[in-house]
Protein chains: 2
Amino acid sequence: MDNQKVLDKFKRILKSENLKVTPQRLSILKEAVMPKGHRDIEQIMHDLIDSGIKVSRATLYRTLDILHTNGFIRKMNIGDGADRYETKIDSPHHDHMICIETGKIIEFTSDKIESIQEKIAKDNGYKIVKHIHQLFVKPINK
Amino acid sequence: MDNQKVLDKFKRILKSENLKVTPQRLSILKEAVMPKGHRDIEQIMHDLIDSGIKVSRATLYRTLDILHTNGFIRKMNIGDGADRYETKIDSPHHDHMICIETGKIIEFTSDKIESIQEKIAKDNGYKIVKHIHQLFVKPINK
DNA sequence: GTTTCTGCAAAGCCTTTGCATATCG
DNA sequence: CGATATGCAAAGGCTTTGCAGAAAC
């Protein structure tokens, strides 16, 4: 999706919720929506500073929450402390494989797993709202 | 597995690691290893108190860590705050389905999912050390 | 007797929140 | 101007940790 479209969509959403269009929110949107992997608040904060943008941690948390709620970014946690955020723009659904030796995060998908999951939920009288599927791995031959 | 066996195994492990056999540790073992679902510290604390046992939160955390490290219990987190603990005694591997309306946690397993996972990891040059698979669901027809 | 524990309270870590001031519309 | 944001610092929620007295071996 084109940057302008994303920006326009964000502004539209802000207005529809009586939220104001501020420079901080626009800067955070632009940064958070970049395909830069699975960053925590600290890393995003740094990347913003590197771009010459200064916002408070509080505003960053608050704005990431708006972005998450409105489907611009995903929020995840691999159990190592802080929440991580990842763009959702032009990024289809996937799950995560985390190397416990290097920390590298690899994305994977499996239609088969997805459909088996659906069936399991359905067989129990439920439908899936969201799911977390993380494989903690280490290199073979080590 | 019989209670006495579990107790003996725990004592053996404590000794082998130069840890002392204390009444607190034994009480916590007995409580934590019961098939009482997926409890957080607060709930376990309460259950201990109901049994007339008083230990500090610090000791509870410390002992649950020993039990987790040595395979007596599992540790999990469904993203709602506190870590949860579940017995591993006589409890085969399973994943979790969490109803977002009632909070109910249902266990499920799928050999197919397990083997697809293994293959995905292997195809990427990794082997799985552990995994987290949680389905957040809600009842059909609501 | 020495080593390890326990309980307490304090500290840590990440995230949220109250409030005064600043900014948007 | 009125309504909402921002930044700061304080507070929150859960977990970990330092330390002095207590218990295990």
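The model shown is predicted, which means the values in this text are computed figures rather than measured ones. Just the heavy atoms: all of them, side chains too, but no hydrogens, waters or symmetry mates, feed the values below. Per chain, numbering begins at 1; letters A, B, ... match sequence-line order.
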Taken to the nearest whole Å, CZ/A:R57 to P/C:dG18 is 20 Å

Could you tell me the separation between the CD1 atom of A:I44 and the C1' atom of C:dC14, rounded to a whole number of Å?
14 Å

Look at all strands and tell whether B:D40 reaches a base, only sugar-phosphate, or nothing, counting heavy atoms closer than 4.0 Å.
nothing

Counted 5' to 3', the first and last nucleotides of DNA chain D within 4.0 Å (strictly under) of a heavy-atom of chain A are D:dG2 to D:dC8

Residues clustering with B:L135 (ILVMFWY side chains joined when closer than 4.5 Å, directly or via others):
A:M97, A:I106, A:F108, A:I113, A:I116, A:I120, A:Y126, A:I128, A:L135, A:V137, B:M97, B:I106, B:F108, B:I113, B:I116, B:I120, B:Y126, B:I128, B:V137

Calculate the interatomic distance between B:D80 atom CG and C:dT15 atom P; express it in whole Å.
16 Å

Under 4.5 Å between side-chain heavy atoms, counting indirect links through other Ile/Leu/Val/Met/Phe/Trp/Tyr residues: same cluster for B:V33 and B:Y61 or not?
yes

Residue whose closest nucleotide on DNA chain D lies nearer the 5' end, B:L19 versus B:Y61:
B:Y61

Between P of C:dG25 and CD of A:E17, the distance in whole Å
15 Å

From NZ of B:K15 over to P of C:dT4, roughly how many Å is that when rounded to an integer?
16 Å

Determine whether a donor-acceptor pair (N or O, by modelled atom type, separation under 3.5 Å) exists between the side chain of B:E31 and the backbone of B:I28.
no

For A:L14 and C:dT23, give me the distance from atom CG to atom P, rounded to whole Å.
19 Å

Selection from C:dC5, C:dG7, C:dT15 that lies nearest to any side-chain heavy atom of A:D83:
C:dT15

Kindly say whether B:L14 contributes a backbone atom to a donor-acceptor pair with the side chain of B:E17 at under 3.5 angstrom?
no

Nearest whole Å is fine: how far is C:dC8 P from B:L60 CG?
13 Å

When the ring centroid of A:H133 is compared with that of A:H94, is the distance short of 6.0 Å?
no

For a quick check of understanding: with a heavy-atom distance under 4.0 Å over all strands, which category does B:A82 fall into, base, sugar-phosphate or nothing?
sugar-phosphate

Check every strand shown and say whether B:K54 touches a base, only sugar-phosphate, or nothing at a heavy-atom separation below 4.0 Å.
sugar-phosphate

To the nearest Å, how far apart are B:N77 CG and C:dT15 P?
13 Å

Would you please classify the geometry between the A:F72 ring and the A:F10 ring as parallel, tilted or perpendicular, with 30° and 60° separating the classes?
perpendicular

If you assign B:Y85 and A:A58 each to the DNA chain D nucleotide with the nearest heavy atom, which residue ends up on the more 5' nucleotide?
A:A58

Which residue lies toward the 5' end of DNA chain C, A:K20 or B:P23, if each is placed at its nearest nucleotide?
B:P23

Which value, rounded to the nearest 0.5 Å, describes the distance between A:E118 atom CD and A:E114 atom CD?
7.0 Å

Below the 4.0 Å mark, does C:dT6 have OP1 or OP2 next to a side-chain nitrogen or oxygen of B:R62?
no

